[in-house]
Amino acid sequence: MTTPFRCLHLYPCNDNMKKSKRTKIKVLFAQSVELEEVTVEGWVRTRRDSKGGFSFLELNDGSCLKNIQVIVDHTLDGFRDIQEEITTGSCVSVQGKWATSPGKGQSMELQARQVKIYGSADPEKYPLQKKRHSFEYLREIAHLRPRTNTMGAVMRVRNRLAYSIHRFFNERGFVYLNTPIITTSDCEGAGEMFQVTTLDLDKVPKTDGQVDYSQDFFGGKTGLTVSGQLEGEVFAMALSEIYTFGPTFRAENSNTSRHLAEFWMVEPEMAFYDLDDNMDLAEEFIKFLLSDILEHCSEDMEFFNQRIDKTIHATLKQILDNEFERIHYSDAIHLLQKSKEKFVYATEWGCNLQAEHERYLSEKVFKKPIIVFNYPEAIKPFYMKLNEDGETVRAMDVLLPKLGEIIGGSQREENYEVLLKRIEQKDLNSEDYWWYMDLRRFGSAPHSGFGLGFERLVQFVTGMENIRDVIPFPRTPKHATF
RNA sequence: UCCGGAGUGGCGCAAUGGUAGCGCAAUCGGCUGUUAACCGAUGGGUUACAAGUUCGAAUCUUGUCUCCGGAGCCA
């Protein structure tokens with residue numbers, strides 16, 4: 001590194017505090033007065049040459065959506081030597097004057113005094129042309145797609161959402177908890193696990209025809225986490241309110257625009273919360289995130305509203321202005337049975353709500369987010385708290401129009417005997433859950449929690465149709481390149 | 001995994017049994033305080049892969065792979 005202090009900041013850090021001479025484009029755009037001496041560094045989006053003896057460069061450094069316009073006079077010292085190399089995709093450093101622009105389309109522009117090229121990009125080979133590309137194509141060049149307008153905007157929004165998730169919970173006294181990535185606990189009902197092993201797959205040790213996991217690294221069968229919930233409960237039973245925000249893995253062969261094999265999940269877990277408290281928190285949480293995004297990512301959100309989904313702004317506003325509809329599972333079933341809508345799947349008490357049912361309820365009946373709660377115990381995992389009726393559990397799903405399920409949660413069963421019975425009913429081995437059961441033996445407390453799929457949130461907020469376009473490097477069946 | 005659709009120059013698409021075209025991008029030239037710049041010219045494809053039917057296949061058949069949409073599983 002030739003510039004060792006470039007990235008060092010004193011706290012508090014913000015865009016304007018910098019040790020290097022470089023100014024970020026976002027900061028420059030906030031400046032409406034002329035500046036005699038600035039340096040901007042970034043990637044060239046397009047170059048237009050004028051026979052008047054100068055070139056226009058559109059420069060982007062990812063700090064914001066907009067490009068900066070740079071004017072380079074062809075008589076500039078040394079410019080003729082590098083002019084050919086300054087093409088779409090190349091990376092340059094420009095030093096000059098931030099000045100009012102005589103042209104139309106921008107009020108300010110950078111009038112170059114010196115242009116340095118860091119790296120050129122052969123226009124015959126550079127895969128990102130200055131034209132529109134399909135998202136499918138961009139996925140094939142995932143290492144270059146961050147340089148597109150859409151991906152840049154997605155990543156800035158994603159970053160802000162992550163930041164405000166931490167802010168939301170920390171402001172409410174929740175403790176950020178890192179639950180294990182490698183685990184033996186299969187959070188029942190959550191999905192298939194990726195196995196983790198150091199055994200030689202060409203000669204797996206076996207006893208009586210069964211794999212001998214005692215010889216494996218951890219002395220037992222292990223996998224990548226499908227949920228941090230069970231471990232989260234452990235710490236909620238000591239710190240009262242915790243949340244996890246980490247990677248989650250599901251080895252399901254899911255090929256949809258809403259599923260990833262590796263995704264990020266937010267899982268709060270709260271002692272002394274009942275299901276109502278849980279639903280209150282979920283609603284407040286989503287509204288907090290949406291309102292924060294509208295306030296702090298307005299330029300990117302304007303882009304999504306214009307180019308990706310023209311209704312996204314109105315949708316988010318409408319969600320903020322209305323209460324989520326809370327409806328018993330049983331009432332939802334009644335509503336569906338009464339409706340004249342033709343469904344592919346029949347609705348019967350005891351069945352899971354199909355995507356078409358969820359969509360009908362949130363998009364046509366209520367036209368806003370809904371929370372369906374008190375599901376039949378038979379279709380929900382063992383850890384959910386059994387209601388007095390003995391037939392339903394205190395589960396809740398938050399369903400968003402278009403997207404579907406974004407949050408799944410429940411009040412947890414805190415009664416040892418009831419929990420044990422449910423584990424046995426579901427043919428699970430209670431010994432596997434001994435430490436989880438211990439939470440009910442020693443100082444048990446009512447508690448609740450939920451899980452929110454982070455990428456689904458980003459998808460919903462940006463209006464992006466495919467979940468693979470809201471994560472830097474998507475992992476789906478047959479895809480782990482990059 | 002199931003159902004449906006698709007795979008053709010760098011990208012987006014056309015050609016449904018008979019010499020593979022267009023737009024954008026690229027290259028060259030012209031024009032211009034330009035800005036999705038504009039105008040003209042040029043180059044670029046054994047039609048995903050394998051086998052088959054046919055005088056002849058991008059087009060029909062079978063298989064494989066991949067992508068997209070929907071469903072299931074879920075977040």
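It should be emphasised that the depicted structure is a prediction, and the values quoted were computed from it without experimental measurement. Chain identifiers are assigned alphabetically (A, B, ...) following the order of the sequence lines, protein sequences preceding nucleic acid strands; residue numbering begins at 1 within each chain. Both backbone and side-chain heavy atoms feed into the values below; hydrogens, waters and symmetry mates do not.
Looking at heavy-atom distances under 4.0 Å, T248(A) makes no contact with the nucleic acid at all. Using a 4.0 Å heavy-atom cutoff across all strands shown, R258(A) reaches at least one base atom of the nucleic acid. Contact annotation for G451(A): backbone-only contact, meaning every heavy-atom pair under 4.0 Å involves sugar-phosphate atoms and none involves a base. Among the protein residues, S50(A) comes within range of the nucleic acid bases, having at least one heavy atom under 4.0 Å from a base atom. Nucleic acid contact for N67(A): none, since no nucleic acid atom lies under 4.0 Å from a heavy atom of the residue. Among the atoms of the strands shown, base atoms are found under 4.0 Å from some heavy atom of I71(A). Using a 4.0 Å heavy-atom criterion, one finds that R468(A) contacts the sugar-phosphate atoms exclusively. Using a 4.0 Å heavy-atom cutoff across all strands shown, Y345(A) reaches sugar-phosphate atoms only and no base atom. Residue-level contact check: K478(A) touches the backbone only, with heavy atoms under 4.0 Å from sugar-phosphate atoms and none from bases. Within the 4.0 angstrom heavy-atom criterion, no nucleotide atom of any strand lies near R45(A). Across all strands shown, E140(A) has no heavy atoms under 4.0 Å from either base or sugar-phosphate atoms. Using a 4.0 Å heavy-atom cutoff across all strands shown, S101(A) reaches at least one base atom of the nucleic acid.
The gap from the C1' atom of U53(B) to that of A71(B) amounts to 36 Å, rounded to the nearest Å. Taking the C1' atom of each, A37(B) and U19(B) are spaced 38 Å apart, rounded to whole Å. When the P atom is used for both C39(B) and C24(B), the distance is 8 Å, rounded to whole Å. If you take atom C1' in U42(B) and the same atom in U47(B), they sit 23 Å apart, rounded to whole Å. Taking atom C1' in both A51(B) and C65(B), the straight-line distance is 15 Å, to the nearest Å. Across the P atoms, C11(B) and A48(B) are found 13 Å apart, a figure rounded to whole Å. Remark: the separation of the P atoms in U64(B) and U27(B) is 43 Å, to the nearest Å. If you take atom P in U59(B) and the same atom in G17(B), they sit 12 Å apart, rounded to whole Å.
For R456(A) and C74(B), a side-chain-to-base donor-acceptor distance below 3.5 Å is present, hydrogens and geometry of angles not being considered. With hydrogens and angles ignored, no donor-acceptor pair under 3.5 angstrom links the side chain of E252(A) to the base of U1(B).
Annotation: cation-pi geometry not satisfied between R139(A) and F135(A) (NZ/CZ under 6.0 angstrom from ring centroid, within 45° of ring axis). Stacking of K380(A) on the aromatic ring of Y375(A) is recorded, both the 6.0 Å distance cut-off and the 45° axial limit being met. Geometric assessment of R172(A) against the ring of F288(A) yields a positive cation-pi assignment under the 6.0 Å and 45° thresholds.
Electrostatic pairing of R394(A) and D274(A) does not count as a salt bridge here, judged by no charged N lying under 4.0 Å from a carboxylate O.
Pair assignment for G63(B) gives C49(B), based on Watson-Crick or G-U wobble hydrogen-bonding distances that are each under 3.5 Å. C28(B): Watson-Crick or G-U partner is G40(B), with both key distances under 3.5 Å. With both pairing distances under 3.5 Å, U1(B) is matched to A71(B) as a Watson-Crick or G-U wobble pair. Base pairing of A58(B) is not made with any nucleotide, judged by Watson-Crick or G-U wobble geometry with both donor-acceptor distances under 3.5 Å. Figure legend. C13(B) is base-paired to G21(B); pairs are counted as Watson-Crick or G-U wobble with both atom distances under 3.5 Å.
Rounded to an integer number of Å, the gap from NE2 of H133(A) to P of C24(B) is 15 Å. What separates CZ of F56(A) from C1' of G33(B) is a distance of 4 Å, to the nearest Å. One atom, CD of E356(A), and another, C1' of G72(B), lie 12 Å apart when rounded to the nearest Å. Taking atom NE2 of residue H259(A) and atom C1' of nucleotide G69(B), one finds them 15 Å apart after rounding to whole Å. Distance K131(A) NZ to G9(B) P: 12 Å, rounded to the nearest Å. For the pair R359(A) CZ and G70(B) P, the computed distance is 8 Å after rounding to whole Å. E262(A) places its CD atom 17 Å from the C1' atom of C74(B), with the value rounded to the nearest Å. Distance, Q111(A) CD to G33(B) C1': 11 Å, rounded to whole Å.
Residue Q129(A) has no polar side-chain atom (N or O) positioned under 4.0 Å from OP1 or OP2 of C24(B). Taking only side-chain nitrogens and oxygens, R250(A) never comes nearer than 4.0 Å to OP1 or OP2 of C74(B). The phosphate of A25(B) has neither OP1 nor OP2 within less than 4.0 Å of any side-chain N or O from R132(A). Between S254(A) and C73(B), a side-chain N or O to OP1/OP2 separation shorter than 4.0 Å is absent. An OP1 or OP2 oxygen of G72(B) is reached within less than 4.0 angstrom by no side-chain nitrogen or oxygen of N255(A).
Residue whose closest nucleotide on RNA chain B sits further toward the 5' end, between F263(A) and E136(A): E136(A). Map P477(A) and N352(A) each onto its nearest nucleotide of RNA chain B; the residue landing nearer the 5' end is P477(A).
Ring centroid separation for the pair F382(A) and Y433(A) comes in under the 6.0 Å cut-off.
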Could you go through the salt bridge (Lys or Arg N to Asp or Glu O under 4.0 Å) check for E323(A) and K368(A) one step at a time?
-> CA-CA 8 Å; E323(A) 302 277 297; K368(A) 58 181 179 177; over 6 Å; no
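Of the candidate nucleotides C11(B), A37(B), A26(B), A26(B) has the atom nearest to the side chain of P123(A). Residue N253(A) has its side chain nearest to U1(B) when only U1(B), C68(B), G12(B) are considered. Listed nucleotides: C68(B), G72(B), C74(B). Nearest to the side chain of R139(A): C68(B). The Y137(A) side chain lies nearest to G10(B) when the options are G33(B), C74(B), G10(B).
Looking at heavy atoms from C-beta onward, L281(A) lies in side-chain contact with M270(A) at the 4.5 angstrom threshold.
Between the side chains of T476(A) and H259(A), no donor-acceptor pair of N or O atoms lies under 3.5 Å. Judged purely by distance below 3.5 Å, without hydrogens or angles, the side chains of R412(A) and S410(A) pair a donor atom with an acceptor atom.
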